[in-house]
Amino acid sequence: MIQRGNRYFVVDLAHCEIMDSTFMGTLAGIALRLREVGSGKLSVIEPNARNMQLLQNLGLDHLFSFELPEGVISLPYGPSAGAIVASKADPIPQSEQQKTIIDAHEALIAASPANEEKFKDVLELLKQESSSESRDS
């Protein structure tokens, strides 16, 4: 979507109880890519307290703007008018899913160097699995 010129994204976490590292890394990757192209914004709306804590613990909270529900630690946010809201997507082939997971974890490390220690073993395992599956195909 970024390659097609879209620059404003909204991720609604109102019904998301908890996020995994792949999802958070994907969000980080989008935000970092928007920085690379020099414009745009990723807004995260309605994260619960646990999801907000996860984003803050990984040092990702500086990458997004936030619209928080009552009772969740407040951070600055901006308007999301004209944003694209993503919903269901077409099924993704297994090889592309693996690449996305690897890219997501690399984005977590790029977003905050402190995350390298947390995810280096996971990333190494993912790369080994991907390499092994490529050879088996």
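All of these numbers come straight from a predicted model, not from anything done at the bench.
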Heavy-atom closest pair, residues M19 and L54
O-CD1, 3.7 Å
Any F9 side-chain heavy atom under 4.5 Å of I2 side chain:
yes
Can you tell me how far CE of M24 sits from CG of D20, rounded to the nearest 0.5 angstrom?
7.0 Å
So, taking the atom named NZ in K118 and the one named CG in L108, what distance separates them when rounded to the nearest 0.5 Å?
9.5 Å
In this structure, CG of L32 is separated from CG of L42 (nearest 0.5 Å) by 10.0 Å
Would you call E96 and K99 a salt bridge, taking side-chain N to carboxylate O under 4.0 Å as the test?
no
For residues H105 and I109, determine if any side-chain heavy atom of one lies less than 4.5 Å from a side-chain heavy atom of the other.
no
Ignoring hydrogens and geometry, is there a side-chain-to-backbone donor-acceptor pair from D103 to G29 under 3.5 Å?
no
Side-chain (S131) to main-chain (K127) donor-acceptor, under 3.5 angstrom:
no
Side chain to side chain, L13 and I45, heavy atoms closer than 4.5 Å
no
Please report the interatomic distance OG(S39) to OH(Y8), rounded to the nearest 0.5 Å.
6.0 Å
Rounded to the nearest 0.5 Å, the CG atom of N51 sits from the CD atom of Q56 at a distance of 11.0 Å
Tell me if a side-chain donor or acceptor on N48 pairs with a main-chain N or O of C16 at a distance below 3.5 Å.
yes
In the structure I gave you, are the side-chain heavy atoms of R7 and K41 within less than 4.5 Å of one another anywhere?
no
In terms of heavy-atom contacts, A28 and A111 come closest through CB-CB, 4.3 Å
Determine, stepwise, if the pair V11 / S43 fulfils side chain to side chain contact (heavy atoms under 4.5 Å, CB included).
CA-CA 6 Å; V11 178; S43 295; over 6 Å; no
Looking at side-chain heavy atoms only, is the closest gap between I101 and T26 below 4.5 Å?
no
State, yes or no, whether a side-chain contact exists between F66 and P47 at a heavy-atom distance under 4.5 Å.
yes
About how many Å separate CD of Q128 and CG of L126, when rounded to the nearest 0.5 Å?
9.5 Å
Can you tell if the side chain of M52 reaches within under 4.5 Å of the side chain of D61, non-hydrogen atoms only?
yes
Yes or no on side chain to side chain contact (heavy atoms under 4.5 Å, CB included) for L63 and R35, after CA distance, side-chain angles and deciding distance?
CA-CA 9 Å; L63 294 176; R35 284 187 178 176; 3.6 Å; yes
Q3 atom CD, neighbour heavy-atom count above 12 within 6.0 Å:
no
